[in-house]
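Notes follow once the structure below has been shown.
Order of listing sets the numbers, starting from 1, for every ligand and every atom in it. We number each residue from 1, following the sequence as shown.
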Amino acid sequence: MKSIAQIAAQLQGYDPQALSAAAVNDFLARLVEPVQQTEAVAIFDALDRVLAQDMVSPISVPPHDNSAMDGYAFDSAQLKPGAALALDVVGTALAGKAWHGTVGAGQCVKIMTGAIMPAGLDTVVPQEFTQAAGDSRIAIPPGLLRPGDNRRLKGEDLHEGMPALQCGDRLTPAACGLVASLGIASVPVVRKLRVAFFSTGDEILSVGDAPREGAVYDSNRYTVFGLLRRLGCEVIDLGVVRDEPALLEAAFRDAAARADAIITSGGVSVGEADYTKAMMKKLGDVAFWKIAMRPGRPMAVGRIGPAILFGLPGNPVAVMVTFLAFVRPALLRMMGCTADQPPLLKARSQETIRKKAGRTEYQRGRVTTAADGSLQVRTTGNQGSGVLSSMVQANGLIVLHHEQGNVAIDDEVDVMMFEGVI
Ligand code: AMP
Ligand code: MG
């Protein structure tokens with residue numbers, strides 16, 4: 001386990017006063033480690049969990065060569081270029097009920113989708129391609145089929161003895177189905193990550209408190225809760241903590257004793273007069289950063305006891321953006337997940353966007369499909385770092401990279417989509 005100073009020493013040009021977004025992720029990747037404990041869960045409980053071991057296929061899927069169509073199975077050696085082929089139907093193979101007879105020259109077997117291919121037959125002519133040629137006799141017009149058509153091969157999905165899923169894979173609906181297709185009932189997964197969070201600030205009211213001059217209701221706990229739940233974390237809500245050293249110390253100690261990671265909001269900006277930063281410093285090994293980004297410049301990162309600390313800024317949109325850009329990939333690593341960043345999507349900007357080179361900007365955007373089928377994006381109004389309503393209207397974040405300058409209409413921009421994430 002490396003200290004903040006040791007990690008900083010490994011990074012070229014590390015400047016806590018002007019850190020690029022890429023450098024933040026690089027730092028966090030060195031700071032966090034996957035949790036080691038695992039457990040076995042039933043497939044229905046495995047959705048969104050992270051696989052703790054490679055899953056080797058104990059069987060081949062499908063287990064036999066079988067038909068991909070309803071039709072007639074025959075030996076393709078009998079196909080002659082330019083000539084129709086007439087065949088006598090000598091039996092029927094059903095899905096789940098194989099046909100075990102022998103098939104001679106000039107013969108075929110009626111076969112249903114999923115039925116095992118009878119021995120010696122390699123090709124299926126779909127029912128609709130055939131013509132009746134008398135009682136129990138069909139004709140296949142010339143030029144329609146190649147050898148092997150409409151036959152699914154044994155093991156074409158999964159081969160016995162090969163890894164079907166890899167350690168670190170997230171168990172998507174498709175992956176859960178794949179596990180079931182192997183006949184396996186329970187899955188080894190990494191234990192759930194426990195994440196504690198609280199909001200700080202004397203001006204922050206909890207839902208249910210009476211309004212007071214100068215005070216605002218806490219929204220950060222609710223956005224953070226939603227973001228963590230979507231990740232599949234176990235969430236520990238520690239409420240709003242007032243700006244008093246004893247209360248802050250108790251909250252941090254409680255969080256560190258119960259959680260793998262602690263997320264706080266507020267109290268980390270430069271001019272803060274409160275005790276949050278002082279308490280982080282007192283209890284942990286913590287770096288205080290200014291990140292070259294917008295929104296969300298200040299952030300505190302480190303360890304308090306065994307827990308990783310993410311001290312996010314207070315502004316509601318800054319909280320969500322720093323979570324998506326930095327905390328989410330770090331938590332995924334802690335969850336043992338090998339894929340930590342979703343792919344960015346490209347869309348044409350429907351407007352000019354002013355952008356200063358030398359920092360990463362995240363604009364709230366709405367991606368839609370243009371008349372020509374291409375993707376286009378426009379920003380969703382007021383981009384102030386406290387304006388949550390424009391975040392609600394957005395379906396993604398337009399990521400304007402560190403070196404990037406102004407965006408002109410029809411320029412292509414990268415978008416981090418919310419779908420499936422938040
Ligand atoms: P800070 O980073 O503590 O200076 O907070 C920056 C801004 O975010 C201030 O306007 C705070 O009132 C606001 N803020 C801080 N925490 C929250 C919260 N939990 N919910 C809503 N707004 C907040
Ligand atoms: Mg504050």
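- Contacts between P298 and ligand 1 below 4.0 angstrom, taking non-hydrogen atoms only, are absent altogether.
- Taking every non-hydrogen atom of S269 and a distance limit under 4.0 Å, the qualifying atoms of ligand 1 come out as 2 (O), 4 (O).
- Here S199 has side-chain heavy atoms under 4.0 Å from ligand 1, and that is the only part of it that gets that close.
- Each of the atoms 9 (C), 11 (C), 12 (O) of ligand 1 lies under 4.0 Å from some heavy atom of E203.
- Under a 4.0 Å criterion applied to the non-hydrogen atoms of G267, ligand 1 contributes the atoms 1 (P), 2 (O), 3 (O).
- Residue contact check: Y217 has heavy atoms under 4.0 Å from atoms 20 (N), 21 (C) of ligand 1.
- Near S265, with a cut-off below 4.0 Å to any heavy atom, the atoms of ligand 1 are 19 (N).
- Close N/O approach between N220 and ligand 1 is found [any backbone or side-chain N/O within under 3.5 Å].
- Each of the following atoms of ligand 1 lies closer than 4.0 Å to a heavy atom of P316: 21 (C), 22 (N).
- Defined by atom type and a distance below 3.5 Å, a donor-acceptor pair is present between the side-chain atoms of D122 and S76.
- Heavy-atom neighbours of R229 CZ from other residues, nucleotides or ligands within 6.0 Å: at or below the threshold of 12.
- Between the side chain of Q350 and the main chain of R348, no donor-acceptor pair closer than 3.5 Å is present.
- Of the polar atoms of G314, at least one N or O is found under 3.5 Å from an N or O of ligand 1, judged by distance alone.
- Applying the 4.0 Å criterion to heavy atoms of S219 picks out, from ligand 1, the atoms 20 (N), 21 (C).
- Under the salt bridge (Lys or Arg N to Asp or Glu O under 4.0 Å) criterion, R242 pairs with E244, not counting sequence neighbours.
- Distances from ligand 1 to the non-hydrogen atoms of G201 include no value under 4.0 Å.
- The side chain of I204, and not its backbone, has at least one atom closer than 4.0 Å to an atom of ligand 1 (non-hydrogen atoms only; side chain from C-beta on).
- A donor-acceptor contact shorter than 3.5 Å links the side chain of E351 to the backbone of T379.
- In this structure, the ring-ring contact (aromatic ring centres under 6.0 Å, His included) partners of F198, at least two apart in sequence or on a different chain, are F252.
- Heavy-atom proximity to G266, at under 4.0 Å, picks out these atoms of ligand 1: 2 (O), 3 (O).
- Taking the six-membered ring for Trp and the full ring otherwise, the centers of Y14 and F27 sit less than 6.0 Å from each other.
- Of the possible polar contacts, none joining the S349 side chain to the D410 backbone as a donor-acceptor pair under 3.5 Å is found.
- The residues D260 and R191 are annotated as salt-bridged, a charged nitrogen and a carboxylate oxygen being separated by less than 4.0 angstrom.
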